[in-house]
Q: 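Take this structure, written in structure tokens, and hold onto it; I'll ask about it next.
This one's a predicted model, so the numbers in the text were calculated from it and none came from an experiment. Below, all heavy atoms of this structure are taken into account, side chains as well, without hydrogens, waters or symmetry copies.
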Amino acid sequence: MPKNTKVTQREHSNEPVTESVADLLSLEHPMDYKSSQMSMGLSPGSTAPVKALLPSPDPDAEDGRPAWNNKLEYILAQVGFSVGLGNVWRFPYLCQKNGGGAYLVPYFILLLLIGIPLFFLELAVGQRIRRGSIGVWNYVYPRLGGIGVSSLMVCGFVGLYYNVIIGWSIFYFFQSFQYPLPWAECPIQKNGSQAIVVPECEKSSATTYFWYRQTLNITSTIDDTGGLNWKMTLSLLVAWIMVCLAVIKGIQSSGKVMYFSSLFPYVVLFCFLVRGLLLKGAVDGIAHMFTPKLEKMLEPQVWREAATQVFFALGLGFGGVIAFSSYNKRDNNCHFDAALVSLINFVTSILATLVVFAVLGFKANVMNEKCVVENAEKILGYLNTGVLSKELIPPHINFSHLSAQDYSEMYGVIKTVKEDSFGQLGLDACLLEDELNKSVQGTGLAFIAFTEAMTHFPASPFWSVMFFFMLINLGLGSMIGTMTGITTPILDAFKIRKEILCVVCCIIAFFLGLLFVLRSGNYFVTMFDDYSAGLPLIVVVILENVSVAWIYGTKRFMQDLEDMLGFRPYAFYYYMWRYVSPTVLILLIVATVIEMAFSPAGYSAWVEEDGSESFHNYPPWALAMAYALIVIAMLPLPIVFIVRHFNLISDGSNKLSVSYRKGMMKDISNLEEQDEQRFILSKNPSEAPSPMPPHRAYLGPGGTQEMTNTNYGTSTKTGYQNIGSPESEL
């Protein structure tokens, strides 16, 4: 013991020495609150199955945790994370596939039933506990601490291939600075003295050829890796450098980036909407989009896909929502944030759908006119050769100004008269509806269909630059949230500089991501997208829901929210968290497993000779790899549960957190300044003020009575009983 302490002075002096509270606490051994008789009124040796309260340390404690500069910065970060590429190329496809405007009904219902409640839950626990995903669920229920680890692993898997998509967008972005656009026309190759169109391009289209051959240089099967695609490797490197620079300073750097990356896509979407509405056929596309097919609402598949889209649109289970929320003040109105971000996400999806179908309506009209011209030339050829009689052509039809309606009338007459030999003529119906019904999603929408439509725009390079710059920003916002979901739990658990951690993570991710820039890399992107995030994330979120609503207790959680927000949330959330959301999630898990069991596991391979896609089943090694992604992502859940159930590792329940100790010492220091001597020399424990920070009493299971210490024979609440540290309440 140091010689100059007041305890040492007392041993060598007869004079009374007043010790400071800080001296006493600095010499005191850590107390095991699990075995303490003062721990929530439990008998010695008994343990509580779950922490009594979510931590409620002094909100003004200087724990050194970064904080958002302002509320706008935080909202933009949450919007940037939740609004991503899926809003642009997944939601419109699902609308088209599942009944147009009718699809919005199940989507909005499920947004209310599972989307907003679970989003609110993640925001609340992150803001209350002020930790990343691993720390949060360790505090709520240590045996389910694997939830955070699984979230981190899923974030890792998704981040690996998601950044590859940003790399593709970067490549297209730089290719857009030329006129005409390089994917506007098929390339010409010399065959001896003749110049011919590349057969692969002629059999498909210019944009399809540019995507599969010029960009990906794709192989015909997943077995043939084909080596690295160096153009995509450099693009991936640029993408990871951008992400690293955005997150290297934590929210101090990413918050600034969000001002641009979250707002710029809306500028582009509004510009595209205005431009699209001025194009011929835009109204046809929008009308086709929102024409409801009400019978679709009765199909279970529509509801399953709507639930899945709600789930992924808000970024539930990734840990990014919790990480962003953990940098908030504890009295922030996260209920308002949950409703606002969810509404912005929904409106953005509608806006993107309007833009996509306005442009695709224009493209459908262009392609339909092209079809009419090509088939009219066939008919003229048949008329000149005598295959068809000129009497079959209505007199008012003028081939030099042939409209789609005129062609449809002529097509109907020829089909009726030449019914037996009509198939040999090779004429197409050229219906606008058929073009509009060609559903595309994902990379097919962004890099083929939408790209082809932009080639017909006036000043097409400008619109192409804007579009791919928008995709880069949408992807960057989601990647910032994903990286924050990875780095925040690690920074909470280990003392490491965030700059070093971010650089190391980005370097490792780049080298692991080389798998996706092989010539066969697009097939691995599809595999990871289908298997790495789907089922594991649904399991993670249902365990989050159960741990809060059923293990911790919905009543207690509602009381915590009332203390934190200053008002009690609607009873609607109580029933959603406790009954409705878990039920819907269980049904979603069952439906997902059934679909995986009965749907063939495979991928769409590009066949160079045919200039088209062909479905291939995964070979055994690829199928094993796909299922391994699911197992690896979910493995931390049972492992952490088992090792903590049998006490094979410590959960840190007998240690106060650093941030809490700082807050506690700050209160004690203030107490000393007010009346230190009275505190130390008080003979009656009931007269001494508690050394603990202000905290509401623990509410018992009923949520109405305060639990008090009965060991002293008085009704005085003890200090240790009301400790607000997360670790002390395990």
Side-chain angles (χ1 to χ4, degrees), residues 85 153-154 156-172 174-175 183 187 198-201 203-204 207-241 243 442-444 446-448 475 479 505-534 596 599-633:
L85 297 173
M153 298 191 72
V154 171
F157 287 147
V158 172
L160 287 177
Y161 77 83
Y162 202 89
N163 219 27
V164 175
I165 301 174
I166 300 179
W168 294 339
S169 302
I170 291 172
F171 176 75
Y172 268 77
F174 285 108
Q175 291 292 316
W183 51 80
V198 175
E200 184 182 3
C201 184
K203 294 176 182 177
S204 53
T207 50
T208 304
Y209 174 81
F210 187 87
W211 166 243
Y212 282 113
R213 188 56 52 211
Q214 300 288 356
T215 304
L216 302 179
N217 194 19
I218 200 166
T219 58
S220 297
T221 65
I222 195 172
D223 290 301
D224 181 12
T225 61
L228 285 175
N229 182 338
W230 290 105
K231 290 184 291 187
M232 293 302 101
T233 303
L234 292 176
S235 299
L236 179 63
L237 178 61
V238 173
W240 276 114
I241 291 174
V243 171
T443 56
F447 297 104
I448 298 177
M479 275 302 299
C505 286
C506 290
I507 292 174
I508 293 174
F510 168 72
F511 283 104
L512 292 177
L514 293 179
L515 171 69
F516 305 103
V517 291
L518 296 169
R519 289 182 58 196
S520 60
N522 188 49
Y523 304 139
F524 290 102
V525 170
T526 302
M527 177 194 293
F528 272 65
D529 190 39
D530 290 340
Y531 290 91
S532 68
M596 292 177 62
S599 299
Y603 61 100
S604 293
W606 178 254
V607 182
E608 181 178 356
E609 293 76 14
D610 300 333
S612 62
E613 291 183 334
S614 175
F615 183 82
H616 288 188
N617 290 321
Y618 281 123
W621 66 268
L623 191 61
M625 181 178 178
Y627 287 119
L629 293 174
I630 299 176
V631 173
I632 292 172

Q: Return all side-chain donor-acceptor pairs below 3.5 angstrom for residues 508-520, not counting sequence neighbours, or 'none' if the list is empty.
A:
unit_1 : atom_1 : unit_2 : atom_2 : d
Arg519 : NE     : Asn217 : O      : 2.6
Arg519 : NH2    : Asn217 : O      : 3.4

Q: Heavy-atom count around Trp621 CH2 within 6.0 Å, excluding the residue itself: above 12?
A: yes
Q: Output the distance between atom OG1 (Thr215) and atom CZ (Phe447), rounded to the nearest 0.5 Å.
A: 8.5 Å
Q: Enumerate the salt bridge (charged side-chain N to carboxylate O under 4.0 Å, His left out) contacts for residues 212-235, please, sequence neighbours excluded, ordered by first and then second residue.
A: Glu200-Arg213, Arg213-Glu608
Q: For Trp183, enumerate each residue passing the ring-ring contact (aromatic ring centres under 6.0 Å, His included) test, keeping only those at least two apart in sequence or located in another chain.
A: Tyr172, Phe210
Q: How long is the straight-line distance from CH2 of Trp240 back to CG of Asn163, given to the nearest 0.5 Å?
A: 4.5 Å
Q: Give the minimum heavy-atom separation between Asn617 and Pro600, together with the two atoms involved.
A: OD1-CB, 3.9 Å
Q: Minimum heavy-atom separation for Asn522 and Trp211, please, with both atom names.
A: OD1-CZ2, 4.5 Å
Q: Please find the pair of heavy atoms, one from Ala601 and one from Tyr531, that lie closest to each other, and give the distance.
A: CB-OH, 3.3 Å
Q: Under the side-chain contact (heavy atoms from CB on, under 4.5 Å) rule, collect the residues that match up with Phe174, sequence neighbours excluded.
A: Ile170
Q: What pairs with Ser614 under side-chain contact (heavy atoms from CB on, under 4.5 Å), at least two apart in sequence or on another chain?
A: Val607, His616
Q: Is it the case that the side chain of Tyr603 and the backbone of Thr526 share a donor-acceptor pair, with hydrogens and angles ignored and the cut-off at 3.5 Å?
A: no
Q: Between Met527 and Ala622, which heavy-atom pair has the shortest distance, and what is it?
A: CE-O, 3.6 Å
Q: Using modelled atom types and a 3.5 Å cut-off, is there a donor and acceptor pairing between side-chain atoms of Tyr209 and backbone atoms of Pro187?
A: no
Q: Considering all heavy atoms of both residues, which atom of Ile222 and which atom of Tyr618 are nearest to each other, and what is their separation?
A: CD1-CE2, 4.1 Å
Q: Assess the residue pair Trp230 and Leu234 against the criterion (side-chain contact (heavy atoms from CB on, under 4.5 Å)); give the C-alpha distance rounded to whole Å, side-chain angles, the decisive distance to 0.1 Å, and a yes or no.
A: CA-CA 6 Å; Trp230 290 105; Leu234 292 176; 5.6 Å; no
Q: Name all residues meeting the side-chain contact (heavy atoms from CB on, under 4.5 Å) criterion together with Ala633; count only those two or more places apart in sequence or in a different chain, and write none if there are none.
A: Val154, Phe157, Pro536
Q: Hey, could you give me the CG/CD1 distance between Leu85 and Ile166, rounded to the nearest 0.5 Å?
A: 7.0 Å
Q: Return the CZ to OG1 distance between Phe524 and Thr225, rounded to the nearest 0.5 Å.
A: 8.0 Å
Q: Stepwise, does the side-chain contact (heavy atoms from CB on, under 4.5 Å) test hold for Tyr212 with Ser204?
A: CA-CA 10 Å; Tyr212 282 113; Ser204 53; over 6 Å; no
Q: Taking all non-hydrogen atoms of both residues, which atom of Ser235 and which atom of Phe171 are closest, and how far apart?
A: OG-CB, 3.7 Å
Q: Could you tell me the separation between the CG atom of Asp529 and the OH atom of Tyr162, rounded to the nearest 0.5 Å?
A: 10.0 Å
